[in-house]
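Below, chain A is the first sequence line, B the second, and so on; all start at residue 1. Quick note: numbers below take in every heavy atom, side chains included, and nothing from hydrogens, waters or symmetry partners.
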Amino acid sequence: MKLFKRLSILSLIALLGITMTACGDSGANNSNAKFTTVYYYHPISPGAPKNPYNTTGNSFTSFDKMQLAWSSGLATDLNKFYPGLAKSWSESPDGMKATIELQPKAKWSNGKSVTADDVKTSMAIAFTQGTAQSFSLGSVKVLSDKKIELSQVTGGTYKSFMHDALQQTVVPSFQYGKLLPENIWSVIDQSLYAGKDKAKAAQAKKAQDQLTKLGKSITKFAPKTDISAGPFVLKRLNPGEAYLVKNKYFYAAEKVKVNSVSLRNYTGNQQIWNYLIAGQLDATPFTSMPKNILTNALNKKTNQKITTPTYVAASLAFNQKFDPYGNVNVRKALAYVIDREAVQKVAEPVVGKPAKYTDGITDSAAADWIDSSVRSKMDGYNHNLDKAASILEKEGFKKKNGKWLLPNGKPWNMNIYVVNGFSDWIQGGKVISSQLTDFGIDAKPTIVSSFAQYQADMAAQKYAVGFWLNSLSPNMYTAYARIYGTPDGYNILNGKLAYYDQKDKTKGNWIGLPEKLKLSTDETVNPGKLTFQLNQLKPEQQKDIVQKLALATNEYVPMIEIWDYTHVQFVNTTRFDNFPVKDEGLMNNMPGVWMAMGYVTPKASK
Amino acid sequence: MKNFLIRLVWRVFSGILMVLVIASLTFFLIRLMPGDPVSAQYNQLIMQGMTPVQAENQVKVMYGFIPDEPVGEQFVNYIWGLLHFDFGQSISYEGIGVSHIILTAAPWTLILVFTGLIASFLVGVLAGVISAIKRSSPTGTVLTVSGSLLHGVPQFVMGLLLAYLFTTLWPILPFGAPYDSSIDPGFNGPFISSLISHAVLPVVTYALSSYGGWLLTMKSSVITVLGDDFILASEIRGLKSSTIIGYIARNAILPLFTLFTLSIGFMFGGSVFIENIFDYPGLGNLLLKSIDTRDYPLMSGAFLLITIAVIAANIITDFLYTFVDPRIRR
Amino acid sequence: MSDTSTVNTENTFKDQEQKMAISARNINVVYATPTGDIPAVRNVDIDLPKGSITGIIGESGSGKSTLIMAIMNAVTKPGKITSGSVLLNGENDMLKLSSEKQRKIRGKEIGFVFQAAQNSLNPLRRIGQQILDLGRAHEVNDLRKLINYAKKLLIRLGLDADRVLASYQHELSGGMRQRVGIMFSLVLNANIVFLDESTTALDMLSQASVLEIIRELQREKNLTIAFVSHDIGVIADLSERIEIFYAGEIVEEGKTSEVLACPKHPYTKGLIKAIPKISGDIDAAEPLKGSSPDYRTFKQKGCLFYDRCPIRTDSCRDSRPELNITNRDHKVACFRVGANDRD
Amino acid sequence: MIEIKNLQKFFQIKAKFSNHKTVHAVRNVNLTIPSGGALCLIGESGCGKTTIGRMLCGMENPSSGSIIIDGQDISKLKRGARAKLLQKVQLIHQDPYQALNPTHTIEQMMKATLKKMAKQKKKDADWIRQRMDELLKLVGLDPETILFKYPHMLSGGQRQRVIIARALTVEPEMLIADEVVSMIDVSLRLGILKLLRYLRERHNISILFITHDIASARYLGNDTELYVVYKGMVIERGRTELVIRRPQHPYTQALLSAMPILKGIEKPGKDRFVITSQFRQSEEEPHGCLFADRCPFKQSICDEKRPELIHSDDAYHACFFPKVRQVAAESI
Amino acid sequence: MTTPDTVKSVHTFTPKPYNGSSFWKAAWRSITRKTSRIIGFAIIVLFTLMAIFGPYLYSSHLPINTNAIYAPISWKYPLGTDFEGTSNLALIITGARYVLLAAALGALFTVIFGTVLGLIAGYFVGWSDSIIMRITDFFLTIPSFPLLVVLSTVWNFGHPLAMGFILGITSWGGMARAVRSQTLSLRERGFVEAARGLGLSPFHILFREILPNVSSYIGMNLLTSITGCIYAEVGLFFLGVVPFHVNNWGVMLNMAVFSAGAMSSPEALPYLLSPLLALLLLTLGIVLFLDAVDEMFNPRLREDV
């Protein structure tokens with residue numbers, strides 16, 4: 001009924017629209033300007049609940065969705081955090097416990113205080129969402145109204161315990177507590193049982209099922225109003241944007257100088273470009289873009305470009321099941337053929353840098369991790385067609401009429417799989433194809449309609465050659481797990497490493513490197529095992545392993561790194577200034593964090 | 001009257017049957033699709049900065065239920081739900097009912113296409129009449145040529161051109177959201193003007209791309225009627241030209257009536273391109289999005305609604321036509 | 001017209017015009033085609049004496065319908081009247097009046113009945129509504145009276161008046177439609193009625209009864225009727241005067257009984273001979289040679305009937321005979337009047 | 001020889017979700033046409049005469065009764081044999097404009113069937129050409145000028161001749177001529193009638209002539225029998241000349257009266273009368289005489305009982321009060 | 001002997017005898033009758049040649065030039081270049097084959113399915129008609145483009161044949177219904193009855209008697225279906241819902257809009273406009289040529305002056 005009412009009003013209005021002339025867009029040069037940016041974590045959908053646990057929920061990180069602290073995301077200082085709802089935090093020497101003190105002035109947007117109880121409830125919910133398990137959370141102890149202690153499970157060895165714990169979302173207990181049963185913590189305890197007792201194990205499974213079920217009901221929970229402990233609170237939203245206004249109860253409200261925020265939805269990069277070029281965005285998050293867009297964006301003098309490193313690289317990956325990619329020398333030869341600079345220039349001219357080394361991590365991260373002694377052992381695979389040709393000839397390939405033939409005399413055709421919408425991949429795939437074709441290997445890009453399908457097909461070993469993102473994170477475990485994790489057959493099951501051979505087609509091993517690799521240092525390594533070990537170590541202990549993995553990657557070339565992404569953001573100084581452009585760690589966070597830290601001031605109206 | 005009712009009941013019944021058949025087909029068709037929502041969601045979480053372990057855990061929580069049921073059971077549940085107007089739960093919009101999502105999207109498509117349809121119908125029919133009556137004059141030729149060309153230009157080409165012209169080259173119209181969110185929704189000036197200015201481009205695109213069809217159809221219809229004996233007879237009986245034009249108009253528009261009501265049925269599916277290009281939050285966009293994320297329930301729901309509209313329009317057209325055209329009436 | 005007749009003073013001519021409901025002179029109609037104009041009606045003079053029934057007979061495509069459309073100045077594209085005058089009751093040249101005046105004459109003073117197979121009624125309006133439309137178009141003040149009169153006429157025509165008025169065209173049979181068409185032509189008390197193949201699509205009994213009604217009404221209201229048909233039987237039965245029309249021209253005219261009893265033109269003769277009759281010698285019937293006139297015939301230079309004529313001479317090919325008086329008002333257009341057609 | 005026995009036809013008029021209406025289109029018709037003979041059916045449109053013709057050539061199936069061609073009851077034959085037998089009966093359609101495929105030249109049309117015949121007879125292409133030539137000449141057309149033409153280039157008369165020539169390609173024994181001249185210009189009608197007469201007299205092809213025009217019937221078959229059909233029933237039959245001169249049934253008389261009179265050549269019969277009431281397919285089957293509702297001479301019994309076709313005075317009629325009336329026009 | 005008189009000597013004209021090539025001659029005449037038709041025909045021929053020979057004009061992979069990315073329009077690059085410096089003209093020309101072949105196949109499937117089913121349903125009234133029409137209604141009811149979008153995710157459209165097939169599958173319904181209704185009315189026409197009476201086979205009647213009479217309708221539909229198919233397929237590629245790996249106009253549009261920023265900056269505009277131009281030109285050609293089709297297939301219009 002309600003729908004019909006709205007529907008009829010709307011259609012009436014729309015009818016009026018034909019006769020009335022369109023008025024220009026209002027609001028762009030409002031004196032009390034709203035801060036406009038793009039929210040890129042999830043689409044904005046009016047039907048979704050105002051619930052941070054819902055993946056599309058209308059709750060916006062750093063604006064009205066708060067966590068204990070904000071990670072700086074810096075490789076050099078993984079443990080640097082900006083305070084969120086936590087004022088201070090400390091870790092026990094063995095890393096098993098974290099003590100967190102909340103901001104004394106922290107309040108919810110209805111004026112109620114944020115307490116340790118809220119954190120405890122949030123942690124309980126984290127169990128239902130599976131996130132608490134992922135950082136080995138064992139128990140939560142409320143020390144005082146504003147102080148709380150978190151402990152790992154008994155026997156836990158997770159090194160990033162506090163790091164992950166600080167990034168947990170905090171929700172009000174008065175809103176979410178009622179969704180949890182009284183005995184929630186005993187259920188959690190039961191679910192954590194990892195011993196050999198069968199009865200208890202069965203009980204643990206039952207408890208975990210109960211938690212999962214709870215988790216579902218929590219993600220579906222739709223609170224009537226948005227209750228925020230962040231600098232903003234949601235006022236209204238439509239399918240195109242979310243509109244938030246300042247939360248006067250925010251603990252650092254005096255630091256927040258922005259009165260309202262508009263978060264725009266986007267379905268494609270070209271929309272962001274449009275906004276950017278039109279000067280509509282006050283802050284533009286990292287977006288892949290062609291050079292012409294960059295030029296146009298910078299034509300608008302008030303757009304300011306900020307570049308920070310990222311830990312993501314694009315690479316060309318091989319499935320070694322397919323001939324001839326199982327031959328490491330062939331992969332090396334291909335690495336010599338591809339002119340990475342030319343590829344980057346076409347595919348990712350603005351936010352990319354050609355990869356210098358194929359070592360499994362980005363070059364900027366590698367600078368911190370890899371010693372020059374190890375580096376000197378690595379091959380740069382610099383563009384060298386003669387070398388490529390000589391390698392191939394040695395491997396029994398023959399060139400005939402300008403085309404390479406496989407050792408068995410068959411022509412060499414290559415499909416390079418890329419994903420629709422990933423325009424840099426498509427363009428990169430095209431350029432690489434051109435280079436390979438010029439060299440004498442018939443290659444063409446094949447574009448797969450969606451990433452979901454791409455991943456499924458990749459795991460099902462349907463593609464011989466395709467694009468892949470590697471590294472992904474300053475965390476070295478995450479970075480190498482992109483290669484020596486599930487894609488190469490290594491899975492962690494109940495805290496133990498399990499390896500599945502490529503013949504086991506359902507387990508997602510599409511790379512298919514041998515389990516043991518002999519390095520040029522004469523050392524034989526198991527990269528999956530090494531990667532798993534990274535997960536058990538603190539960063540300062542990881543260097544040795546990282547170097548071994550880097551060398552292995554360089555020598556066995558499971559994928560050829562093509563370019564590293566750089567993080568290019570824009571801020572617009574027309575309406576606001578005082579952006580944290582110098583603070584790389586802040587720039588890695590959402591603008592809500594900047595504002596909470598006292599950055600971003602509106603300019604005096606003209 | 002009794003016959004009429006029996007016929008109505010029969011048509012509605014067979015319409016429902018058809019919906020169920022189509023629903024079953026899409027159910028199985030969609031299950032044939034490669035790729036699955038779990039990996040789609042997993043990827044999205046990774047992109048959001050979760051570690052793979054976190055993402056895996058989260059996905060397990062979210063989709064623990066999917067592979068549980070055998071397809072047959074899923075099918076029975078699905079059809080049973082359908083009969084209760086329950087299209088299931090969306091996967092990409094976690095935990096939200098598909099019906100809810102669809103019903104939030106549908107009004108936008110409705111506004112867009114309905115306005116465009118009416119505008120193009122009115123203008124197209126008028127231009128069709130003029131081009132038929134003045135078919136040997138330059139005006140008529142120009143109108144006809146404009147009609148055939150616009151009729152020929154695909155919707156997405158039209159949309160792209162208009163979008164380029166009015167949002168980039170000459171940026172006088174907004175792009176993106178259906179209205180400016182900083183304005184209070186309601187029946188107030190700024191909101192309405194915001195709503196209108198955001199709708200202008202998509203509506204105009206739709207109207208322009210369907211205008212040609214109306215023009216050409218109306219033109220040929222008017223020419224047919226002009227050739228009918230009764231028009232000559234009316235002239236010879238000395239009827240006023242206004243009366244005769246009325247005769248022509250009513251007789252000529254009658255065949256278009258069916259087309260018009262049928263287009264209303266097809267409207268939900270008719271704006272996929274426009275919604276995509278202008279990022280208008282309607283059903284077409286929803287369908288594309290659901291395909292991207294392999295959100296089966298949402299996809300079949302959107303597709304089904306599009307189909308139901310067509311079937312309903314078919315039935316309604318059938319019955320309305322009996323009222324409009326005395327020749328069918330019994 | 002021969003020289004001698006024009007001597008008979010202007011006055012008698014004027015008198016004669018006074019007696020004529022319609023007096024059309026020198027009507028020429030051409031059809032524009034991509035290959036040039038085709039003369040569909042050529043130099044036709046025709047008079048309809050007041051209170052008489054004139055039959056116009058011609059084969060399909062001979063231009064007979066075009067002729068009466070031209071008289072009403074209602075020739076449709078691509079046809080075009082190139083010259084001529086049509087005096088109505090001795091005054092008012094139909095071809096020169098303003099279109100508004102013409103409109104008022106059509107329907108009110110001249111009624112028109114279409115071929116039965118044609119749908120001369122708006123399919124989407126009831127008959128009654130269409131009568132009202134007609135009344136409004138001709139500024140009839142008392143519409144109720146008009147409806148009553150229509151009812152009366154319908155009853156005369158043997159129809160269930162109330163039912164018919166409430167009907168749509170598709171609910172009526174062919175014979176009923178034809179009668180409704182007659183009602184429409186008379187409901188505004190027109191004195192002149194044109195009937196274009198009005199009985200052609202009817203079956204025998206209907207045709208006979210419609211003809212009977214027309215005859216009755218004509219007598220009663222002293223109507224002037226022009227009846228166009230390709231069926232010589234119907235014309236012979238109904239009309240007092242007959243015009244034989246061939247390829248856009250009148251080739252013979254005169255009193256029906258006289259023309260039929262002693263036809264002069266070879267076409268008329270052939271036509272009469274070509275009808276099977278229910279009396280007399282069957283084997284006397286003889287088909288007419290050749291085929292009906294088509295657009296090529298219209299472009300011929302000489303006598304239009306040359307192709308089919310059994311008594312043609314070479315001179316017939318080069319020049320065209322004019323309509324000459326042979327006997328009182330019996331006129332024939334033939335060089336070979338009186339020649340034996342069996343040579 | 002072709003025989004029809006007790007032929008009946010009911011039509012179901014379909015109406016969705018309401019009672020089907022049944023129309024009794026042909027009632028108990030019996031007739032016999034000997035080889036080389038002729039028979040005329042006359043009546044108004046809708047009287048069922050066309051249906052009889054269509055049943056005879058297999059276009060409709062009779063509801064009951066039998067059609068016997070050359071001694072074989074066609075309803076008892078298998079499909080193939082039946083089709084073969086039915087080829088002996090060819091229908092000449094009323095509308096020559098519709099009966100020719102507008103996209104084919106005359107040659108294509110003639111060849112389509114002649115090829116089939118040639119195959120049956122194991123003849124070659126020359127035979128086809130010869131036969132085509134022969135048949136077109138037979139119907140009075142000049143093969144050279146006509147073969148390459150499309151139907152729209154021909155006049156109505158020429159078309160009807162082509163249709164007849166085409167029917168003759170399958171070597172029929174009988175032609176059913178259903179209103180063959182009604183769509184043709186008056187001046188050309190007689191040519192077609194003459195052709196049919198010629199085919200009957202010289203080529204021994206029997207003819208069932210269906211018309212509403214008594215004069216045409218008389219021209220084609222004054223020496224044969226005339227059947228007058230009303231609402232699917234034969235209400236009078238007899239030798240054509242006799243029926244015209246001495247009609248006994250009021251309906252026959254009405255038909256004869258309705259013939260237009262050629263002023264100056266003919267004079268009306270002295271008993272001539274005009275029926276003004278409309279032909280109407282009655283909603284319910286009448287008990288009495290089918291013509292009772294329009295008959296000017298009807299009496300009370302006519303509404304109660306239906307008269308049978310009985311023999312009297314060298315003719316048959318179905319009327320309780322037969323009376324000879326002089327209604328046909330007479331030559332002056 | 002009373003042989004009826006022949007009509008010999010009546011007509012002063014004798015028609016030209018037509019031989020086997022008459023259809024093409026007449027068709028040519030109807031095309032050349034108007035300038036607009038010639039233009040339309042020329043455009044269609046141009047695109048057809050492009051589809052047939054286009055790929056042979058260039059090496060199997062088009063040269064790239066990283067120094068001329070989004071180059072402006074010049075003699076060397078008459079339509080500018082794309083993101084890797086490949087000539088847009090070359091992309092259009094080499095891309096024409098897939099687009100046009102798939103569209104032609106799609107239209108062919110539409111017409112074949114539609115015509116055969118329509119003819120059968122219209123001619124053999126009864127159960128076959130009911131079944132075919134139920135299926136047709138079903139296909140007509142499902143909105144075809146959304147269906148295509150959904151189908152495209154299940155099916156692999158790598159080959160134009162597959163694309164054509166799927167386009168045909170979704171669009172034959174309207175054709176079948178129209179052909180059926182024409183067949184229904186034609187089967188009542190005398191000549192079909194006559195052919196049956198003459199003992200000609202149903203096959204002959206359907207394909208020799210009835211089919212030529214609907215041929216002009218089919219011809220027009222073939223052309224309009226081609227445009228429809230082009231739009232649908234290019235649209236699918238534009239939306240990016242189908243996998244692909246060849247030069248293709250729709251891919252160009254997709255890349256231009258979603259990755260080259262053609263809508264946001266003028267540099268890449270030629271990349272966007274060149275496929276649009278190709279589409280518009282082809283549309284224009286077909287619209288202009290359509291006018292001639294009726295005349296080509298209808299002997300009445302064809303032969304008359």
Query raised in the report: Using non-hydrogen atoms only, which part of D/N101 is less than 4.5 Å away from chain E: side chain, backbone, both, or neither?
Result: both
Report task. Answer with side chain, backbone, both or neither: which region of D/Q90 has an atom nearer than 4.5 Å to a non-hydrogen atom of chain E? Result -> side chain
Query raised in the report: Is the closest basic N to carboxylate O distance between D/R200 and D/D223 below 4.0 Å?
Result: yes
**Report entry** Set of ring pair (Phe, Tyr, Trp, His ring centres under 6.0 Å) partners for D/F10, sequence neighbours left out
**Finding:** D/H24
Report task. On the 0 to 90° scale, with breaks at 30° and 60°, tag the E/F165-E/F113 ring pair as parallel, tilted or perpendicular. Result -> perpendicular
Requested in this report: List the atom of D/K9, the atom of D/T51, and the distance in Å for their closest heavy-atom pair.
Outcome: CG-CG2, 3.9 Å
Query raised in the report: Under 3.5 Å, side chain of D/T240 to main-chain N/O of D/T224, donor-acceptor pair present?
Result: yes
Query raised in the report: Checking D/R166 against chain E: side chain, backbone, both or neither under 4.5 Å from a heavy atom?
Result: both
Query raised in the report: Top residue by heavy-atom pair count (under 4.5 Å) with chain E, among D/A167, D/A99, D/P96?
Result: D/A99
Query raised in the report: Do you see a donor-acceptor pair shorter than 3.5 Å between the side chains of D/T211 and D/D213?
Result: no
Report task. Pick one of side chain, backbone, both or neither for D/A83, based on which atoms fall under 4.5 Å of a heavy atom in chain E. Result -> neither
**Report entry** For chain E, the option from D/T113, D/I92, D/L91 that forms the most heavy-atom pairs under 4.5 Å
**Finding:** D/T113
Query raised in the report: So E/F109 and E/W172, ring pair (Phe, Tyr, Trp, His ring centres under 6.0 Å) or not? Walk me through it.
Result: CA-CA 8 Å; E/F109 282 129; E/W172 59 271; over 10 Å; no
Query raised in the report: What are the two closest non-hydrogen atoms of E/L100 and E/A51, and how far apart are they?
Result: CD1-CB, 3.8 Å
**Report entry** Donor-acceptor pair between E/E209 and E/H204 side chains, under 3.5 angstrom
**Finding:** yes
Query - Chi angles and distances behind the salt bridge (charged side-chain N to carboxylate O under 4.0 Å, His left out) call for D/R131, D/E171 - result: CA-CA 11 Å; D/R131 189 84 181 123; D/E171 293 159 19; 3.7 Å; yes
Requested in this report: Taking heavy atoms only and a threshold strictly under 4.5 Å, list by residue number the residues of residues 211-228 of chain E that touch chain D; give 'none' if the list is empty.
Outcome: E/P212, E/N213
Report task. For residues D/Y198 and D/L138, determine if any side-chain heavy atom of one lies less than 4.5 Å from a side-chain heavy atom of the other. Result -> yes
Query - Residues forming a ring pair (Phe, Tyr, Trp, His ring centres under 6.0 Å) with D/W127, sequence neighbours excluded - result: none
Report task. Tabulate, in ascending numerical order, the residues of residues 179-200 of chain E having at least one heavy atom closer than 4.5 Å to a heavy atom of chain D, or enter 'none'. Result -> E/E188, E/R189, E/G190, E/F191, E/E193, E/A194, E/G197, E/L198, E/G199, E/L200
